[in-house]
Amino acid sequence: MDTSTPHTAARDDGLDAFDNAPIGVFDSGYGGLTVMREIMAALPEEDIVYVGDSARCPYGPRDLDEVRSFVRQICRVLVGRGCKLIVIACNTATAAGLEAAQREFSVPVIGVVEPGARAAAMTTRNRRVGVVATRATVDSNAYADAIRHIDAGITVFSSAAPRFVEIAELGIRMAEGPFESYLSEASKVYIRPEFEEIAREYLEPLRRCDIDTLVLGCTHYPLLKALIGGVVGRDVTLISSAEETCRDVAEILRRRRAFARPGNVAAYEFLTTGDDVAEFAQFGGRVLNMDLARARHLDLPPL
Ligand code: DGL
C-alpha cells in the first residue's frame with residue numbers, strides 16, 4: 001500500500017484545520033474489515049466506527065430495495081455518532097444504496113464500486129475485465145456501468161458467486177493465527193478441493209472470456225484471493241477495491257482539511273447487529289489482527 005499519504009501534505013501548508021470526528025465504515029459482516037484494515041494502515045490517526053450488520057448478513061441474495069433501506073438505517077446511526085465521512089464498505093450495499101445515502105446525508109458518503117472500477121479500467125491491457133460479485137451486485141450492473149463510464153471500450157464479463165461470502169466467513173472461523181497467514185498462497189484454509197470446485201464453477205466462464213483483470217466485487221473476497229487466484233491463474237490481475245477506496249478517503253479528508261489532529265491516538269469502535277458479540281470480536285479480530293474485546297451490540301429496529 002502507498003503510505004506516502006496526502007495526510008502529511010495537508011499539514012505542510014501552514015493551515016491548521018483538523019477534525020477529530022470518526023470515519024464510519026460498514027458492511028453486512030466481516031468483509032468491510034478488509035477496507036477498514038487499509039484505512040487504519042494509511043491513516044493511523046483517524047478514529048473509526050465500524051458497523052457489521054451480521055444479523056442481516058448476507059446482503060447478496062436480498063432485494064436491492066431492502067438493502068437500500070439497511071444502508072439508510074446504518075448511515076443514520078453513523079451520522080448520529082458524529083461521523084465526518086461514511087464508507088459503504090460493501091459492494092452490494094454500494095450498488096443498492098450509495099446514491100440514496102448521498103442524497104440523504106450531508107456528510108460525504110463513498111462506496112467501493114467506483115474505486116474498484118477505476119482500478120480495473122487502469123489495469124486492463126486487453127480491455128476485457130471480469131467481475132465476480134454477489135448476485136445482487138451482478139444484477140445491479142453497477143460494475144459494468146462504472147467501468148464503461150470510465151472507458152467505453154472495455155468489455156465487462158460478470159459472474160455471480162453466491163457461495164463465496166459463506167466460504168469467506170467459514171474460513172475466518174476455521175483459521176488459526178493472524179489474517180496474513182491464511183491469506184498467503186500456502187494457506188490451507190481456503191485451498192481445499194470442495195472450495196476449489198465451487199470457485200471453478202464461478203470463475204471458469206470468466207477465464208474462458210480471456211479476461212486479463214478480475215475485480216473482486218465483494219469486500220469478503222480479498223479473503224479468498226489465494227483460492228480465486230489459483231483458479232484464474234497468474235496472468236489475471238486481481239483487483240480489490242479496498243486500497244483504492246482508502247485513497248479516496250484520504251483525498252477527501254485532505255481536500256476538506258478534515259484529518260484528525262496530528263498525534264491523535266486513534267480510537268476504534270466496533271458494533272455488530274448480531275447477537276453473538278463475542279464471536280464477532282473473535283473473528284473480526286482475526287481480520288484486523290487486533291483485539292476487538294470492546295465490540296458491542298447495536299440494536300437496529302426492524303424496518
Ligand atoms: N461484503 C458484501 C459485498 O461487498 C456482501 C456480502 C453479503 O452478501 O452480505 O458485497
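Quick caveat: nothing in here was measured; it's all calculated off a predicted structure. First listed ligand is number 1; within each ligand, the first listed atom is number 1.
Within 4.0 Å of ligand 1, protein heavy atoms belong to D27, S28, C57, P58, Y59, G60, C90, N91, T92, T134, V165, C218, T219, H220, listed by chain and number.
Within a 6.0 Å radius of CZ in R76, more than 12 heavy atoms belonging to other residues, nucleotides or ligands are found. Atom CD of E99 sits in a sparse spot, with 12 or fewer heavy atoms from other residues, nucleotides or ligands closer than 6.0 Å.
Judged by distance alone, the side chain of E46 and the main-chain N or O of A260 form a donor-acceptor pair under 3.5 Å.
Side-chain contact check for T92 and T134: at least one donor-acceptor pair (N or O, by modelled atom type) lies under 3.5 Å.
Salt bridge annotation for E197-R200: absent, with no cationic side-chain nitrogen under 4.0 angstrom from a carboxylate oxygen.
Evaluation of the ring pair (Phe, Tyr, Trp, His ring centres under 6.0 Å) test over residues 88-142, restricted to residues two or more places apart or in two chains, returns none.
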